[in-house]
Protein chains: 2
Amino acid sequence: MKKNRLKDTCDVCSIDKKKVTKLKKIMPSDSVIKGIIVIFSALGNKTRAKIVFALSLEERLCVCDISNILGLTISAASHQLRKLRDLKIVTRKNEGNMVYYSLNNSYIRGLLANALRK
Amino acid sequence: MKKNRLKDTCDVCSIDKKKVTKLKKIMPSDSVIKGIIVIFSALGNKTRAKIVFALSLEERLCVCDISNILGLTISAASHQLRKLRDLKIVTRKNEGNMVYYSLNNSYIRGLLANALRK
DNA sequence: ATTCTATTTGAACGATTGTTCAAATAGAAT
DNA sequence: ATTCTATTTGAACAATCGTTCAAATAGAAT
């Protein structure tokens with residue numbers, strides 16, 4: 001039960017300094033990483049994954065349809081659609097007082113389909 | 001400025017009842033959705049995405065290497081590695097008092113590479 | 001103009017997340 | 001046995017997230 005002395009580096013790892021230096025160099029920049037994690041985290045949510053799934057099979061859906069399909073309040077669906085819209089994952093089209101949403105690009109459709117195929 | 005009467009359903013959407021019924025039927029179950037969102041949300045984090053990137057290029061790395069590459073405390077790296085391990089994304093191998101981590105399958109490697117290619 | 005409609009919004013709230021810190025563990029070396 | 005080593009863990013904490021609720025908006029119909 002002796003309290004360990006704290007070390008800020010570990011000696012053993014300096015053996016792998018080459019690996020570390022190499023990987024530090026080729027590690028994508030924070031902005032590139034940010035760009036991919038926003039897509040992954042957009043799909044890393046039950047509601048949004050389901051919305052994207054629905055829109056990957058139906059050309060366009062209104063907010064009310066989506067909330068019906070998912071069993072959500074209209075407000076909850078609208079909030080998530082706004083997030084997806086901010087991320088350019090879906091687009092919105094006004095028609096009278098109805099609003100229709102569609103997938104913005106098929107990249108996301110492929111990503112989800114690929115994950116579901118697993 | 002008159003407060004609207006609240007409605008629990010919207011009439012217009014009942015026109016699309018077929019779409020809604022169809023999509024409700026083919027919507028993947030919650031457990032299937034859960035299965036894919038855990039992978040997406042695992043990659044939807046800066047630290048974990050970087051760890052996976054590093055391990056996708058280097059066969060195996062110890063915790064200390066990883067924390068050096070990412071500029072993280074060892075503790076923070078270890079916590080995230082545990083999450084990735086719980087999700088079966090990485091595997092761990094003890095060697096003396098060193099612990100080496102590797103990617104568990106190349107599916108994740110492909111997913112990340114594909115996202116970075118965009 | 002007002003009252004429908006569908007949708008959006010902001011505030012509130014609890015739930016989940018990610019990092020830090022301190023302490024614990026387990027193997028290796030003394 | 002103790003003291004290194006590398007790593008793990010649990011608690012704490014702020015930050016972010018997702019839903020609900022109430023109210024706002026904007027177009028269509030009256």
Side-chain angles (χ1 to χ4, degrees), chain A residues 1-16 33-34 37-38 40-51 60-68 70-87 90 92-101, chain B residues 1-16 33-34 37-38 40-51 60-68 70-87 90 92-101:
Chain A
M1 291 315 176
K2 187 82 183 308
K3 187 178 181 293
N4 287 346
R5 185 169 66 84
L6 293 175
K7 290 198 69 190
D8 45 352
T9 54
C10 54
D11 302 328
V12 179
C13 288
S14 57
I15 290 172
D16 290 338
I33 291 287
K34 180 75 185 168
I37 70 170
V38 293
F40 284 129
S41 46
L43 290 172
N45 167 271
K46 204 174 74 173
T47 300
R48 290 191 298 265
K50 284 181 175 180
I51 290 175
R60 63 178 208 167
L61 292 166
C62 69
V63 181
C64 189
D65 282 342
I66 290 169
S67 71
N68 269 311
L70 305 205
L72 275 182
T73 62
I74 290 176
S75 176
S78 181
H79 274 295
Q80 295 300 350
L81 284 163
R82 161 160 270 292
K83 270 184 193 166
L84 290 171
R85 192 151 57 90
D86 288 345
L87 296 173
V90 302
R92 172 169 108 132
K93 194 169 176 234
N94 244 289
E95 217 160 279
N97 56 351
M98 300 289 291
V99 178
Y100 288 98
Y101 283 90
Chain B
M1 294 311 177
K2 186 80 184 308
K3 187 178 180 296
N4 287 345
R5 183 170 66 83
L6 294 176
K7 291 198 66 190
D8 45 351
T9 54
C10 53
D11 301 327
V12 179
C13 290
S14 55
I15 291 172
D16 290 338
I33 291 287
K34 182 72 185 169
I37 69 170
V38 293
F40 283 128
S41 47
L43 290 172
N45 166 272
K46 202 174 75 172
T47 300
R48 288 189 301 264
K50 285 181 175 180
I51 290 175
R60 64 177 209 167
L61 291 166
C62 68
V63 180
C64 188
D65 281 343
I66 291 170
S67 71
N68 269 311
L70 305 205
L72 274 182
T73 62
I74 289 176
S75 176
S78 180
H79 274 296
Q80 295 301 351
L81 284 164
R82 161 159 272 291
K83 270 184 193 165
L84 291 172
R85 193 151 56 93
D86 287 346
L87 296 173
V90 301
R92 168 169 110 133
K93 193 167 177 239
N94 244 290
E95 216 160 280
N97 57 348
M98 301 288 292
V99 178
Y100 287 98
Y101 282 89

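Residue numbers start from 1 in every chain, and the chains themselves are labelled A, B, ... in the order their sequence lines are given, proteins ahead of strands. Hydrogens, waters and symmetry mates are skipped; everything else that's a heavy atom, side chains included, is used. Since the structure is predicted, the reported quantities are computational estimates derived from the model, not experimental observations.
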request  = Specify the residue among Lys46(A) and Arg85(B) whose closest nucleotide of DNA chain D lies further upstream toward the 5′ end.
outcome  = Arg85(B)

message = Rounded to whole Å, please give me the gap between CD1 in Ile66(A) and P in dT8(C).
response = 9 Å

task = Please state whether the base of dT20(D) and the side chain of His79(A) form at least one donor-acceptor pair under 3.5 Å?
result = yes

inquiry  = Rounded to whole Å, please give me the gap between CG in Leu70(A) and C1' in dT19(D).
reply    = 13 Å

Whole-Å gap separating P (dT7(D)) and CG (Leu61(B)) = 11 Å

remark   = Heavy atoms of Leu70(A) and Ile51(A) approach each other most closely as CD1-CG1, 3.5 Å

query = What is the distance, rounded to the nearest whole Å, between atom CG of Asn97(A) and atom C1' of dA24(D)?
reply = 15 Å

inquiry  = Need one value for Thr73(A): base, sugar-phosphate or nothing, where a base atom within 4.0 Å counts as base even if backbone is also close, heavy atoms only.
reply    = sugar-phosphate

key: Main-chain N/O of Ile74(B) paired with Ser78(B) side-chain donor or acceptor, under 3.5 Å   = no

Gap between atoms CG and C1', on Asp86(B) and dT17(C) respectively (whole Å) = 15 Å

task = For residues Leu72(B) and Ala76(B), report the shortest heavy-atom separation together with the two atoms involved.
result = CD2-CB, 4.1 Å

Note, Arg82(B) side chain near His79(B) side chain (heavy atom, < 4.5 Å) = no

query = Can you check whether Gln80(B) reaches Lys50(B) side chain to side chain, under 4.5 Å on heavy atoms?
reply = no

ask   = Please give, in whole Å, the distance from dG27(C) C1' to Glu95(B) CD?
value = 13 Å

Any Tyr101(B) side-chain nitrogen or oxygen under 4.0 Å from OP1 or OP2 of dA6(D) = no

query = Has Arg92(B) got a side-chain N or O lying under 4.0 Å from the OP1 or OP2 atom of dT7(D)?
reply = no

key: Distance in angstrom units between Tyr100(B) OH and dA26(C) C1', rounded   = 16 Å

note = For DNA chain C, the expected dot-bracket line (Watson-Crick or G-U under 3.5 Å, [ ] crossing, | inter-strand) is ||||||||||||||||||||||||||||||

request  = Specify the separation, in whole Å, of atom CZ of Arg82(A) and atom P of dT8(C).
outcome  = 8 Å

task = Summarise how protein sits on nucleotides 12-18 of chain D as a single string, 5' to 3': B when a protein heavy atom is under 4.0 Å from the base, S for sugar-phosphate-only contact, - for no contact.
result = ------S

query = Has the side chain of Ser75(B) got a donor or acceptor atom sitting under 3.5 Å from an opposite partner on the base of dT9(D)?
reply = yes

The single option from Ile66(B), Asn68(B), Val90(B) passing side chain to side chain contact (heavy atoms under 4.5 Å, CB included) against Leu61(B) = Ile66(B)

